[in-house]
Number of protein chains: 2
Amino acid sequence: MASQRSPSRVAAPDFERPLVTVDVVIFTVLDEQLKVLLVRRPEAATDPFPGRLALPGGFVNVDLDASLADCALRKLGEKTGFSAPYLEQLGSWGSATRDPRGWCTTHVYFALVPPPADSEEMASAASEWIEVNAALRKRLAFDHAEILAAAVERLRGKVEYTSLPAFLLEEPFTLPQLQRTYEIVLGRPMDKSAFRKRMLDAQFLLEAGSIAGDAGRAAMGYRILDRERAAVFPRTFRSVESPASKE
Amino acid sequence: MASQRSPSRVAAPDFERPLVTVDVVIFTVLDEQLKVLLVRRPEAATDPFPGRLALPGGFVNVDLDASLADCALRKLGEKTGFSAPYLEQLGSWGSATRDPRGWCTTHVYFALVPPPADSEEMASAASEWIEVNAALRKRLAFDHAEILAAAVERLRGKVEYTSLPAFLLEEPFTLPQLQRTYEIVLGRPMDKSAFRKRMLDAQFLLEAGSIAGDAGRAAMGYRILDRERAAVFPRTFRSVESPASKE
DNA sequence: CGAATAGTGTCTGTGAGACAGTATCGC
DNA sequence: GCGATACTGTCTCACAGACACTATTCG
């Protein structure tokens with residue numbers, strides 16, 4: 001069909017084509033830590049970066065994938081069982097040198113998923129959940145360290161003014177759980193009262209019945225109203241970084 | 001593995017490769033309007049979308065371009081003479097159907113440039129500056145209407161909390177000029193006092209001597225401290241959209 | 001002098017954060 | 001009752017916007 005020399009009415013140019021891949025940065029919160037899913041590359045020496053940890057991803061399959069987002073969803077489904085996670089495009093990287101196999105581009109997506117029910121199940125498939133700061137210190141395949149850093153920065157940045165952490169929780173969840181998730185991602189404690197005011201004012205939560213914890217008063221459970229997009233808050237958390245030195 | 005082009009140790013897989021292109025959305029403010037640069041595609045029937053308006057762009061040249069950003073800068077240089085504009089990646093689009101020539105991806109960058117000294121000069125090269133709302137109503141080639149819409153949304157969104165509009169002006173510029181630029185991009189008037197406070201507090205401007213206008217008091221000229229990145233304000237402009245109906 | 005534009009001072013409402021108080025649960 | 005957790009009320013301070021004021025330039 002769209003082969004390089006197809007004699008259709010509109011001809012594709014005879015340029016050499018770069019490789020086209022898709023990678024997915026998959027975040028979750030597990031054991032009170034922000035973690036990212038990494039896979040170990042095959043040991044075969046014919047493979048680039050054998051044995052290294054890398055972001056899950058691979059080549060776009062022109063026959064299987066209708067679009068880039070489709071391809072990302074396929075990769076995500078292959079690695080995790082998740083069907084309706086939060087998926088957003090992070091950006092693309094491409095250069096002559098980032099892949100020893102040739103001029104290579106990657107379209108990077110970033111996904112937020114609730115913690116896997118059985119975290120061991122995945123380790124078997126040569127993939128592991130790794131705490132992000134530890135992951136950032138590792139030597140990853142390709143330029144994946146740079147990509148991961150960009151993803152973490154984007155996540156932390158957007159968490160300051162969006163409802164993104166809600167996608168890291170299994171529904172229904174409670175506001176204290178959600179606050180804990182914010183605190184884990186941002187690495188700083190937050191005020192309960194201000195937090196609740198902000199979440200409830202943003203109109204993105206749906207009440208879903210009371211949930212009893214291990215101890216103390218039961219809490220209201222919530223679901224996300226629109227799983228397609230995150231809510232955007234009118235202001236960022238903590239606009240001033242610290243009671244600054246005013247000379 | 002059998003690879004026809006790569007005799008190296010690591011072989012490239014034999015997948016069919018999508019087409020890889022780069023497009024650039026170039027914004028400027030001209031005649032008190034936000035405009036975007038569009039090019040008219042050749043009339044030849046062997047070309048997709050002959051005669052249609054499109055974003056400037058084209059295929060990645062594996063021999064000329066070291067990276068995607070390089071390619072974007074090359075396209076930008078070919079269309080405008082600008083050397084140091086603001087350039088940021090917008091995202092990537094790719095699917096089996098967006099280009100009649102086959103499975104095609106595009107990496108889209110968005111650039112902010114000062115108004116061209118001679119706006120006629122460019123029209124000669126089959127490219128024109130078109131007011132964005134008019135451009136959004138036109139039937140553009142490929143999925144460029146969708147891409148342009150995303151670019152305008154990103155621009156307007158970021159203008160609310162960043163110094164991006166400063167890159168739309170020739171240096172040095174004055175604060176009233178900068179305010180006017182904000183107002184043009186956002187389509188709404190802003191308060192002078194609040195605007196100045198915000199700009200000066202953000203510490204991204206460098207004083208560059210007084211500039212006399214056509215009438216009235218001369219104004220202080222400014223340059224951008226760091227042309228590589230935009231300043232981010234701690235708060236967004238007008239966090240509340242309107243004195244809302246409180247039930 | 002007045003017109004035009006640049007730049008500053010002052011007031012006020014809003015709202016986020018701090019923190020203390022109240023409510024509800026299991027035992 | 002008590003401990004533990006969920007939730008709410010109140011106070012305060014910062015700051016963005018509104019708007020009126022002063023400053024500088026030109027003719």
Side-chain angles (χ1 to χ4, degrees), chain A residues 32 159-163 169 172-183 186 188-203 205 207-222 231-247, chain B residues 32 159-163 169 172-183 186 188-203 205 207-222 231-247:
Chain A
E32 302 272 289
V159 164
E160 294 281 353
Y161 62 96
T162 66
S163 66
L169 288 168
F173 52 83
T174 68
L175 283 182
Q177 284 169 358
L178 184 57
Q179 182 176 347
R180 190 78 199 100
T181 305
Y182 270 86
E183 291 173 341
L186 292 177
R188 91 177 109 92
M190 317 197 66
D191 179 79
K192 191 176 20 168
S193 175
F195 181 82
R196 307 182 118 261
K197 251 184 290 184
R198 171 169 290 210
M199 294 302 139
L200 295 174
D201 286 356
Q203 298 277 326
L205 293 173
E207 294 198 353
S210 206
I211 297 178
D214 292 337
R217 175 174 171 181
M220 177 59 71
Y222 293 92
V232 177
F233 308 137
R235 290 182 135 81
T236 187
F237 280 109
R238 195 182 61 165
S239 42
V240 185
E241 57 283 2
S242 63
S245 58
K246 208 162 190 189
E247 189 195 353
Chain B
E32 303 272 289
V159 164
E160 294 280 354
Y161 64 94
T162 66
S163 65
L169 287 169
F173 52 82
T174 69
L175 283 181
Q177 283 169 358
L178 184 57
Q179 181 176 348
R180 190 78 199 99
T181 305
Y182 270 87
E183 291 173 341
L186 293 177
R188 92 177 109 91
M190 316 197 67
D191 179 77
K192 192 178 19 167
S193 174
F195 180 82
R196 306 181 119 260
K197 251 183 292 185
R198 171 169 290 210
M199 294 303 138
L200 294 175
D201 286 355
Q203 297 277 327
L205 292 173
E207 295 198 353
S210 205
I211 297 178
D214 291 338
R217 175 175 171 179
M220 177 58 70
Y222 293 92
V232 176
F233 307 136
R235 292 181 133 79
T236 187
F237 281 110
R238 195 181 62 165
S239 41
V240 185
E241 57 282 2
S242 64
S245 56
K246 208 168 189 181
E247 186 198 353

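Residue numbers begin at 1 in each chain, while the letters A, B, ... track the order of the sequences. These numbers were taken from a predicted model, which means no experiment stands behind them.
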### Task
Using whole Å, report how far CE of B:M199 lies from P of D:dC15.
17 Å
### Between OH on residue A:Y182 and CZ on residue A:R198, distance to nearest 0.5 Å
8.0 Å
### Message
Base of C:dG7, side chain of B:S193 - is there a donor-acceptor contact under 3.5 Å?
### Response
no
Can you check nucleotides 22-25 of chain C for protein contacts, nitrogen or oxygen pairs under 3.5 Å, and list what you find?
unit_1 : atom_1 : unit_2 : atom_2 : d
C:dA23 : N3     : A:R217 : NH1    : 3.1
C:dT24 : O4'    : A:R217 : NE     : 3.4

### For atom CD of A:Q177 and atom C1' of D:dA6, their distance in whole Å
12 Å
### Task
Output the single nucleotide from D:dA16, C:dG7, D:dC7 whose closest atom is nearest the side chain of B:A219.
C:dG7
### Query
Hey, are the side chains of A:L200 and A:Y222 touching, using non-hydrogen atoms and a 4.5 Å cut-off?
yes
### Query
With A:E207, which residues qualify under side-chain hydrogen bond (donor to acceptor under 3.5 Å, both in side chains), at least two apart?
none
### Query
From D:dT8, C:dG17, C:dG7, pick the nucleotide closest to the side chain of A:R196?
D:dT8
### Query
Roughly how many Å is it from CZ in A:R198 to P in C:dA18, rounded to a whole number?
12 Å
### Message
Between C1' on C:dG26 and CG on A:D214, what's the gap in Å once rounded to a whole number?
### Response
11 Å
### Shortest non-hydrogen separation from A:G221 to A:I211 and the atoms involved
CA-CD1, 3.7 Å
## Note on the structure
In whole angstroms, the gap separating C1' of C:dA16 from CZ of A:R188 amounts to 13 Å
Report each atom pair, protein N/O against N/O of nucleotides 11-13 of chain D, whose distance is under 3.5 angstrom.
none

## Note on the structure
dist B:L175:CG -> B:M199:CE (nearest 0.5 Å) comes out at 8.0 Å
### Query
Rounded to the Å, how far apart are B:D201 CG and D:dA14 P?
15 Å
### Message
Please report the distance, rounded to the nearest Å, between CG in B:D191 and P in C:dT8.
### Response
14 Å
#### Entry: Min side-chain heavy-atom separation B:E160-B:L186 under 4.5 Å
yes
### Task
Could you tell me the separation between the CE atom of B:M220 and the P atom of C:dG7, rounded to a whole number of Å?
7 Å
## Note on the structure
Students should find that the end-to-end axis angle of the helix from C:dC1-D:dG27 to C:dC27-D:dG1, with five pairs defining each axis and rounding to 10 degrees, is 10°
### Atom pair CG (B:L178) and CE (B:M190), whose distance is rounded to the nearest 0.5 Å
10.0 Å
### Message
What's the separation between atom CZ in B:R196 and atom CG in B:D201, rounded to the nearest 0.5 Å?
### Response
12.0 Å
### Minimum heavy-atom distance B:A231-B:S163, with the two atoms named
N-OG, 2.8 Å
### Task
Compare the minimum distances between each of C:dA6, D:dC19, D:dT8 and the side chain of A:K192, then state the nucleotide with the smallest one.
D:dT8
### Message
Looking at every heavy atom in both B:A202 and B:F233, which two are closest together, and how far apart are they?
### Response
CB-CE2, 3.5 Å
### Message
I'd like to check the side-chain hydrogen bond (donor to acceptor under 3.5 Å, both in side chains) partners of A:Q179; sequence neighbours left out, ordered by chain and number.
### Response
A:E183
### Query
Excluding sequence neighbours, so at least two apart, what forms side chain to side chain contact (heavy atoms under 4.5 Å, CB included) with A:A218?
A:S210, A:A212
